[in-house]
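Structure first, commentary second.
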Amino acid sequence: MALAAAGAIGAWAASPVTSSWTANPEEQFLLDVNIRQLRLGDGVRAYQTPRGTCIVFGDFLTTLDMPMKIDLQSKKASGWAFREENRIEIDRAVGVAKFGKQQERIADGAISESPEGWCVDSASLARWFGIGITPQTAGSILLLESEAKLPVELAREREQRAARLQKASMPLEGFPRVKLPYRMWRAPSLDFIVNAGVTYQASNGMRVDRGASVAAAGEIARLSYDAMLTSDSKGRPQSLRLRAYRSDPDGELLGPLHATHFAVGDVNGLSSRLVGAASGRGVEVTNRPLFNPVAFDRTRFEGDLPAGWDAELYRNGELLAFSRSDGTARYVFDDVPMVYGDNRFEVILYGPQGQRRSRLETINVGQNQVPGGKTWYWAGVSQPGRNLLSDIVGRDDGGGPPPSEFIRPDLQAAVQIEHGIDKRTSVGLLATALLANNERLTFVEGSVRRSIGPALVEAAVARDSNGGVAARAQAIAKIGSVNISAETLIANDFTLNGRREGRYRDTRLSIDAPLKVGRQQFSAHGDVRLVDRGRADRTLDARGRLSTNFNGFNLTSMINWQRRLGESGGSPPDHLDVGLIGTGRVGDVRLRGEASWDIKPEKRFRNAELSAYWSASDKADWEGAIGYDAVYKRGRARVSHIRRFNAVAAAASLEAGTDGSFAAGINLNFSLDASAGAMRFTSQKLASTGIVEARVYRDLNDNGLRDESEPWQQGASITTGQRVSEDLTNAEGKVRIGGLQPFTPVAIGIDASTLDDPSLAPRKALQIIVPRPGVAAKLEIGLVGSGDIEAIMVRQDGRGFEGLDVELLDAEGKPVAVVRSDYDGFILFERVAYGRYTLRLTAGSAKVAGVAQAIDKLIEIGPERTVIRLGAIRLMKADTLALVAPEASLPGSAR
């Protein structure tokens with residue numbers, strides 16, 4: 001609009017370049033701008049001149065979103081088109097146009113004056129901007145052609161893709177579900193990580209290391225199984241975990257138990273405030289939602305972390321911590337605080353060959369209570385810290401015999417039951433039995449949880465078999481934008497987290513609040529904790545964290561302070577340390593850094609490291625790092641080169657230290673895929689994530705099945721929930737998408753903008769799959785002919801009804817698409833597969849607007865009628881049906 005206005009002022013200030021034609025607003029055209037199957041902007045105004053069709057220049061620039069400006073005084077237009085090196089300068093004063101490395105004299109009539117500003121001949125526009133421009137005034141279309149996709153075209157595709165993906169947030173129950181049946185045997189998918197290297201140190205000379213880890217996932221006896229085998233630096237087996245299980249988010253396992261998950265083997269165990277969680281061999285069963293915290297305001301994340309991998313933890317986009325792989329081959333983020341409301345946690349794993357795996361979990365504190373009248377349970381028996389096959393490999397994760405008391409018991413059994421009394425209130429019961437060194441301990445805890453306004457509170461009392469008692473109270477609330485969490489625990493002669501406490505008092509207060517300094521937004525966290533075991537043993541801890549995102553960098557600073565409050569004269573000095581971690585990008589380079597300092601009891605710099613990762617191409621990456629450890633007074637530098645092939649990803653690295661040490665190594669990462677009936681190598685991770693194998697074909701006879709004569713569709717992109725596949729379908733119509741969150745329903749669709757024929761659409765808009773680790777879910781997507789459906793939602797007085805969500809229902813009454821009405825009430829369903837449909841408002845829109853949800857109109861779209869214009873749909877009060885006016889009442893329906 002600004003450019004058009006500028007053009008209008010320019011028309012008043014400048015004289016036309018020799019042209020006798022005069023613009024008549026009554027003869028103006030409005031042309032829709034189309035490129036391939038996309039419609040851009042709101043159209044451009046045009047006129048017929050003796051030279052042909054001229055386009056209002058301001059409209060053209062606005063529609064293509066080009067960074068050009070018009071200088072009113074000098075009668076010039078300058079800027080660039082589509083890419084910065086393609087400079088364009090139009091000088092009406094001297095009559096010269098420069099575009100790229102070319103220039104030409106502006107011909108008579110190439111630029112005319114109109115009430116809207118400059119009106120430029122379409123042929124001149126095509127030459128200057130290097131694209132095909134074909135006005136079709138009879139069809140009210142301005143057709144653009146370009147071999148490469150234009151920036152505005154790519155942006156429009158992203159907008160449409162985002163809109164289509166957003167529709168996947170509709171209730172998924174109405175969409176067809178692709179069943180993935182269990183089998184008696186399904187060959188495992190195997191992920192291998194193999195590394196070898198040589199290290200030289202002056203103290204012990206040359207040493208050769210080699211190691212490997214193997215992750216497996218498959219099915220046996222209609223159960224899923226997974227396993228992880230890791231070796232030590234000499235290549236000997238070090239740890240072996242194995243688990244057989246089934247998970248079902250719908251809770252249809254084990255008949256009357258209605259379990260959502262049961263497992264035998266290496267299980268994670270129960271996490272509560274009274275007993276610590278530890279993975280170990282055992283059995284567990286639960287009907288709790290698969291992704292739901294057990295703790296009140298704290299949670300934990302644990303998973304496999306092979307050698308050479310790093311893990312980062314984010315909450316609502318805030319970087320909380322990261323972990324490097326160690327001998328346990330696990331990452332553990334323990335005691336992770338949550339805030340009231342939605343907590344979107346993301347654990348991002350980075351591999352040595354540039355792999356990136358993401359684990360997403362959304363936890364709502366305060367609303368995801370046990371539903372009223374429902375009962376959740378968890379039951380399990382385990383040996384914490386012991387792998388299922390530790391006797392075979394000769395050791396376990398515990399690193400030795402169990403310590404005294406019940407910190408790591410020989411056996412642990414627990415049952416937890418929670419029952420929802422109403423929407424805001426629930427009660428719980430926890431019973432636990434521990435066995436260590438032939439001594440048994442049991443305790444029972446009862447709790448009540450209540451949601452009060454923007455707060456959630458819980459109170460509990462426990463008693464153990466030795467007569468010890470414990471009581472605790474917790475609260476988490478949100479006041480404005482500030483989150484507050486408070487907790488207190490009192491215990492007398494009670495065994496807490498495996499340790500007998502004669503007298504124990506634990507109080508903690510934490511606050512999370514946003515801060516704004518100038519224009520910069522910060523997230524601040526403060527945590528104070530006092531642990532009192534008597535006058536001789538009291539500890540005060542305080543932690544602070546300040547996080548922000550600055551120009552794409554996630555930066556977090558941390559401070560930790562501890563003071564022992566024992567008897568006077570016997571207190572040790574305070575401990576105070578600070579740290580800084582950050583991740584971000586500079587161009588194509590991903591950076592990560594950390595540094596830490598000790599302030600008390602002595603001031604010293606501890607360590608720092610900065611690493612950079614750069615993708616030189618789709619197949620080759622470079623990684624470099626420098627660091628310094630002040631404790632050992634050693635600096636180090638590392639450089640790695642990564643190559644990714646279809647079958648394997650490889651990394652070679654060199655590292656040197658200021659103490660004369662150096663190391664060289666190689667790391668290989670590959671998987672074996674047995675889903676096709678024969679083992680094949682691939683560099684894609686398979687054993688720990690869900691996989692979908694989709695095949696797209698043209699359903700010429702619209703029978704819902706692919707016949708032998710029907711062709712496969714090449715070059716199509718598949719959508720998986722909020723993601724779009726990076727690869728396109730091959731000549732056989734096939735594409736594989738990995739990295740899906742297991743046991744979470746995901747909507748599989750197709751990105752229609754990638755289809756070469758704009759008249760095609762999938763017969764099934766979305767299909768629902770619940771992925772399982774290591775198992776490729778196969779489905780076919782049939783493409784049929786499609787058309788468009790237009791209508792205008794109007795009020796009883798005829799005014800447009802803005803902001804209504806309108807659903808398109810298929811012949812079975814299931815929603816297949818939803819759109820929101822524009823400011824004038826206009827709605828458009830594009831690429832609707834041939835068939836019969838009806839419309840209705842969503843329940844939420846109908847309730848807010850106070851109108852009837854149903855719309856009494858049957859729509860049939862087919863080859864004979866590909867564009868349906870319903871006209872104005874008058875929305876009546878809730879006790880009547882919406883009325884549909886004749887099609888001719890739709891303004892602009894004639895084209």
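From a predicted model like this one, the values you see are computed outputs, not experimental measurements.
Interatomic distance, CG of D751 versus CD1 of I718, reported as 9.0 Å (0.5 Å rounding). To the nearest 0.5 Å, atoms CZ (F333) and CZ (R315) are separated by 13.5 Å. Taking CZ of R606 as the start and CG of D598 as the end, the distance is 4.0 Å to the nearest 0.5 Å. Atom CH2 in W561 sits 13.0 Å away from atom CG in D577 (nearest 0.5 Å). Taking CG of D574 as the reference point, atom CG of L540 lies at 9.0 Å (rounded to 0.5 Å). Distance check: R508 CZ to L489 CG gives 10.5 Å after rounding to the nearest 0.5 Å.
Open room surrounds OH on Y632; 12 or fewer heavy atoms of other groups in view lie less than 6.0 Å from it. No more than 12 heavy atoms of other residues, nucleotides or ligands shown are found within 6.0 angstrom of CZ on R543. Counting non-hydrogen atoms of neighbouring residues, nucleotides and ligands closer than 6.0 angstrom, the CZ atom of R820 reaches no more than 12 such neighbours.
There is a side-chain donor-acceptor pair under 3.5 Å between T556 and S547. In this model, no donor atom of one side chain and acceptor atom of the other lie less than 3.5 Å apart for S426 and R449. Counted by atom type alone, N607 and S596 present one or more donor-acceptor pairs between their side chains at under 3.5 Å.
Between I581 and M558, some side-chain heavy-atom pair lies under the 4.5 Å cut-off. Within the 4.5 Å cutoff, side-chain heavy atoms of Q562 are placed close to those of T539. At a threshold of 4.5 Å between non-hydrogen side-chain atoms, the residues V370 and V427 do not count as touching. Contact of the T658 side chain with the Y628 side chain is not registered, since no non-hydrogen atoms from C-beta on lie closer than 4.5 Å. A 4.5 Å side-chain heavy-atom check between E418 and W378 finds every atom pair outside the cut-off. At a threshold of 4.5 Å between non-hydrogen side-chain atoms, the residues Q521 and P514 count as touching. Side-chain contact check for V152 versus F82: every heavy-atom pair is 4.5 Å or farther apart. By the 4.5 Å heavy-atom criterion applied to side chains, E623 and V639 are not counted as neighbours.
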Test side-chain contact (heavy atoms from CB on, under 4.5 Å) on I511 and N483; report intermediate values, then the result. CA-CA 6 Å; I511 297 177; N483 285 276; over 6 Å; no
Would you check, one step at a time, whether the test salt bridge (charged side-chain N to carboxylate O under 4.0 Å, His left out) holds for E458 with R472? CA-CA 8 Å; E458 183 179 72; R472 61 182 178 88; 2.8 Å; yes
Working for side-chain contact (heavy atoms from CB on, under 4.5 Å), residues I490 and Y504: CA-CA 6 Å; I490 300 174; Y504 186 85; over 6 Å; no
Quick one: do L576 and N560 satisfy side-chain contact (heavy atoms from CB on, under 4.5 Å)? Show the steps, please. CA-CA 6 Å; L576 178 63; N560 302 303; over 6 Å; no
Evaluation steps, side-chain contact (heavy atoms from CB on, under 4.5 Å), between R545 and S557: CA-CA 6 Å; R545 185 178 66 247; S557 59; over 6 Å; no
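Between D629 and R636 there is no salt bridge, since no side-chain N of the basic residue sits under 4.0 Å from a carboxylate O of the acidic one. Looking at E346 and R344, a side-chain N of the basic residue comes within less than 4.0 Å of a carboxylate O on the acidic one, giving a salt bridge.
Considering only residues two or more places apart in sequence or on other chains, H575 meets the ring-ring contact (aromatic ring centres under 6.0 Å, His included) condition with none of them.
Across P371 and W376, no two heavy atoms sit closer than the pair CD-CZ2, 3.7 Å. Residue A462 comes nearest to E445 through the heavy atom pair CB-CB, 3.7 Å, listed as atom of the first residue, atom of the second, then distance. The nearest pair of heavy atoms linking A651 to I642 is CB-CG1, 3.8 Å. Contact record, S845 with D805: OG-N, 3.0 Å, taken as the closest heavy-atom pair. Here the shortest heavy-atom pairing between A460 and S447 reads CB-CB, 3.7 Å. Closest approach of A311 to V347, counting heavy atoms only: CB-CG1, 4.4 Å.
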Output a table of donor-acceptor pairs, distance under 3.5 Å, between side-chain atoms of residues 524-534 and any protein atom two or more places apart or on a different chain; print 'none' if there are none.
{"residue": "H525", "atom": "ND1", "partner": "D512", "partner atom": "OD1", "Å": "3.1"}
{"residue": "H525", "atom": "ND1", "partner": "D512", "partner atom": "OD2", "Å": "3.0"}
{"residue": "D527", "atom": "OD2", "partner": "R298", "partner atom": "NH2", "Å": "3.4"}
{"residue": "R529", "atom": "NE", "partner": "D506", "partner atom": "OD1", "Å": "3.1"}
{"residue": "R529", "atom": "NE", "partner": "D506", "partner atom": "OD2", "Å": "3.2"}
{"residue": "R529", "atom": "NH2", "partner": "D506", "partner atom": "OD2", "Å": "2.6"}
{"residue": "D532", "atom": "OD1", "partner": "R503", "partner atom": "NH1", "Å": "3.3"}
{"residue": "D532", "atom": "OD1", "partner": "G534", "partner atom": "N", "Å": "2.8"}
{"residue": "D532", "atom": "OD2", "partner": "R503", "partner atom": "NH1", "Å": "3.2"}
{"residue": "R533", "atom": "NE", "partner": "E501", "partner atom": "OE1", "Å": "3.0"}
{"residue": "R533", "atom": "NE", "partner": "E501", "partner atom": "OE2", "Å": "3.2"}
{"residue": "R533", "atom": "NH2", "partner": "E501", "partner atom": "OE2", "Å": "3.1"}

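One N or O on the side chain of T260 and one on the backbone of T286 form a donor-acceptor pair closer than 3.5 Å. Looking at Q520, its side chain never comes within 3.5 Å of a backbone N or O of L515 through a donor-acceptor pair. In this structure, the side chain of T548 does not engage the main chain of L555 through any donor-acceptor pair within 3.5 Å. A donor-acceptor contact shorter than 3.5 Å is absent between the side chain of R590 and the backbone of T583. No donor-acceptor pair under 3.5 Å is formed between the side chain of T425 and the backbone N or O of R450. Checking side-chain atoms of S247 against main-chain N and O of H261 turns up no donor-acceptor pair under 3.5 Å.
If you run ring-ring contact (aromatic ring centres under 6.0 Å, His included) between H641 and each of W622, Y613, W614, only W622 comes through.
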